[in-house]
Amino acid sequence: MKATQTELRLARRMSRLGTETAFEVLVKARALEAKGRDIVHLEIGEPDFDTPANIIEAATDALHKGWTHYGPSAGLPTLREAIADDVSKSRRVKVAPEEVVVVPGGKPIIFFTIMALVEEGDEVIYPNPGFPIYESMINFLGAKAVPIPLREERDFVLDVNELKSLINDHTKLIIINSPQNPTGGVMSKGDIGDLADAIGDRDIFVLSDEIYSRLIFEGEHHSLMTVDGWKDRVILLDGFSKTYAMTGWRLGYGVMRADLATHISRLMTNSNSCTASFTQVAGAAGLRGDQSSVTRMCQEFKRRRDVFYDRVNKIKGFSCKRPKGAFYMFPNITKTGWQSKKLADALLEDAGVAALSGTAFGAFGEGYLRFSVANSIENINQALDRVEQWANKNL
Ligand SMILES: Cc1ncc(COP(=O)(O)O)c(C=O)c1O
């Protein structure tokens, strides 16, 4: 009998799964490069630095010593201890190793937290514009995604009165992110206190995405976990990708009350078994070792931010706030008269500059573009020369 092609009938939930546009723009930019075009890449959100040498050495050493086997789903004790010590110090709250779950990158903590805590039909409030995976995962898991707009006039920090108006009996989880992708907005100590007051003693958990916690240009990082009485209501997401330029290693973690940690570990057992062992050994060395490379990287991002800020505000149609953290610039482009996605496409195709449309981060990103400054000053200047020429010619 002749074999027939089986029709691909995907599960309905797959139609609710979103994506991260940065990866798509990268593919498009690479296709243009393959045709001989010169493109400056300011689309992707990863440090352009190498992983610090002490971490690479610890990883190769771990491989030679046989750290090539399965480990516990929640992470190797040595790394869970190192993370607990580090978070205890940085968030000024006592964290135990049992409250840490190590995962492959920060991203799984988003998926696992929503999967473990949120029922279909529950509501999850999330920042918009914001990291697109929040909205994607909320929708995918059948919950209701409730955006809280982040506005430029508030330096892209959420308005707690608006948050209060969105909270109701169905609200199960609130996601916050500071320093923020894509806006570079940073919540102050006062903002965090106001947020805690606004949520009050309602039965709501907060997923606090602090993956850019070490990339702060002014002042200090503040976490909801530090606020008195909040530790057990917060799931903290952090990791090694941005801090130690380890995006490709896939090493991140969540910090949460120990009873929830056991369930998140069960999700790890079911999905990944465990995070790669030698990368965990290297991660522990990173946390315990010399931190000067983190300081240097942060200073360099700040220098680039300032170069970008000074120049972009002189370009016709563009105006930009000075972000306080992370490594993104989020200029307002409404005065160009162009829609964000069309402008991002035109800059890529006509000017050879890859940036992302603000709408890649949700509907409230309309009117903005995101440029990553994880590139050399030389390339940033070249990108801005091109954008300026394009604006002078087309606007
Ligand atoms: C806000 C935010 N959270 C989480 C992540 C995921 O980080 P990782 O690469 O460690 O999974 C990113 C990566 O871009 C991010 O911007």
Side-chain angles (χ1 to χ4, degrees), residues 18-26 41-49 51 55 75 79 83 100-114 124 126-138 147-148 150 156-158 173-187 206-216 221 223 234-255 264 268 271-272 275-276 279-280 282-283 286-287 301 323-330 356 358 360-362 365 370-374:
T19 189
E20 214 184 322
T21 311
F23 291 101
E24 289 170 7
V25 174
L26 180 65
H41 289 273
L42 301 185
E43 76 277 43
I44 207 90
E46 67 170 340
D48 54 321
F49 297 91
T51 303
I55 300 180
L79 180 58
I83 293 168
V100 176
V101 184
V102 179
V103 289
K107 240 178 202 174
I109 291 296
I110 301 171
F111 198 5
F112 292 165
T113 299
I114 302 173
V124 181
Y126 69 101
N128 189 324
F131 189 46
I133 300 307
Y134 309 141
E135 190 179 274
S136 169
M137 284 295 119
I138 299 165
I148 170 114
L150 301 186
F156 300 109
V157 169
L158 63 84
L173 181 72
I174 296 173
I175 302 177
I176 57 170
N177 173 214
S178 174
Q180 214 248 351
N181 176 12
T183 65
V186 170
M187 294 179 83
V206 175
L207 170 60
S208 183
D209 184 342
E210 302 180 21
I211 195 106
Y212 299 98
S213 62
R214 299 281 293 276
L215 298 175
I216 291 260
H221 174 64
S223 171
V234 173
I235 296 96
L236 182 148
L237 179 164
D238 205 338
F240 295 76
S241 299
K242 319 288 175 175
T243 305
Y244 298 101
M246 289 172 67
T247 46
W249 293 61
R250 309 315 298 140
L251 189 61
Y253 56 87
V255 178
I264 301 290
M268 269 299 286
S271 53
N272 297 282
T275 305
T279 62
Q280 294 190 61
L287 284 178
F301 283 139
K324 296 196 182 91
F327 41 71
Y328 306 111
M329 307 295 291
F330 202 60
L356 297 184
F361 302 91
R370 190 196 79 171
F371 293 85
S372 159
V373 288

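Whatever order the structure lists them in is the order used to number ligands and atoms, beginning at 1.
- Using a 4.0 Å heavy-atom cutoff, F240 is absent from the residues neighbouring ligand 1.
- Q180 places no side-chain N or O within 3.5 Å of a backbone atom of A326 that could act as its donor or acceptor partner.
- Looking at ligand 1, you won't find any N or O of P108 less than 3.5 Å from one of its N or O atoms.
- Scanning all protein heavy atoms for the shortest distance to atom 7 (O) of ligand 1 gives I211 CD1, 3.8 Å.
- Applying the 4.0 Å criterion to heavy atoms of Y212 picks out, from ligand 1, the atoms 1 (C), 14 (O), 15 (C), 16 (O).
- Annotation for R250 and S241: closest pair NH1-OG, 3.8 Å, computed over non-hydrogen atoms.
- Within the structure, ligand 1 has R250 among the residues with a heavy atom less than 4.0 angstrom away.
- The single protein non-hydrogen atom nearest to atom 12 (C) of ligand 1 is F131 CZ, 3.4 Å, given as residue, atom name and distance.
- Contact record, P323 with G184: CB-CA, 3.8 Å, taken as the closest heavy-atom pair.
- Under a 3.5 Å cut-off, the side chain of Q280 and the backbone N or O of G75 do not form any donor-acceptor pair.
- Side-chain contact between N177 and Y134 is present, with heavy atoms from C-beta onward closer than 4.5 Å.
- The CG atom of L287 sits 6.0 Å away from the CD1 atom of I83 when rounded to the nearest 0.5 Å.
- Across L237, L251, D209, heavy-atom proximity to atom 3 (N) of ligand 1 is greatest for D209.
- Taking the centre of each ring, Y212 and F327 come in below the 6.0 Å mark.
- Assignment of Y134 to the shell around ligand 1 is supported, since a heavy atom sits closer than 4.0 Å.
- For ligand 1, the atoms lying closer than 4.0 Å to a non-hydrogen atom of G106 are 8 (P), 10 (O), 11 (O).
- No side-chain donor-acceptor contact under 3.5 Å links S372 to the backbone of Y328.
- Each of the atoms 10 (O), 11 (O) of ligand 1 lies under 4.0 Å from some heavy atom of G105.
- At the top of the distance list for atom 10 (O) of ligand 1, counting protein heavy atoms only, stands S241 OG, 2.6 Å.
- Residue E46 places no heavy atom under 4.0 Å from ligand 1.
- The protein atom (non-hydrogen) at minimum distance from atom 14 (O) of ligand 1 is K242 NZ, 2.7 Å.
- Annotation for ligand 1: atoms under 4.0 Å from non-hydrogen atoms of N177 are 1 (C).
- Not a single donor-acceptor pair under 3.5 Å links the side chain of E210 to the backbone N or O of S213.
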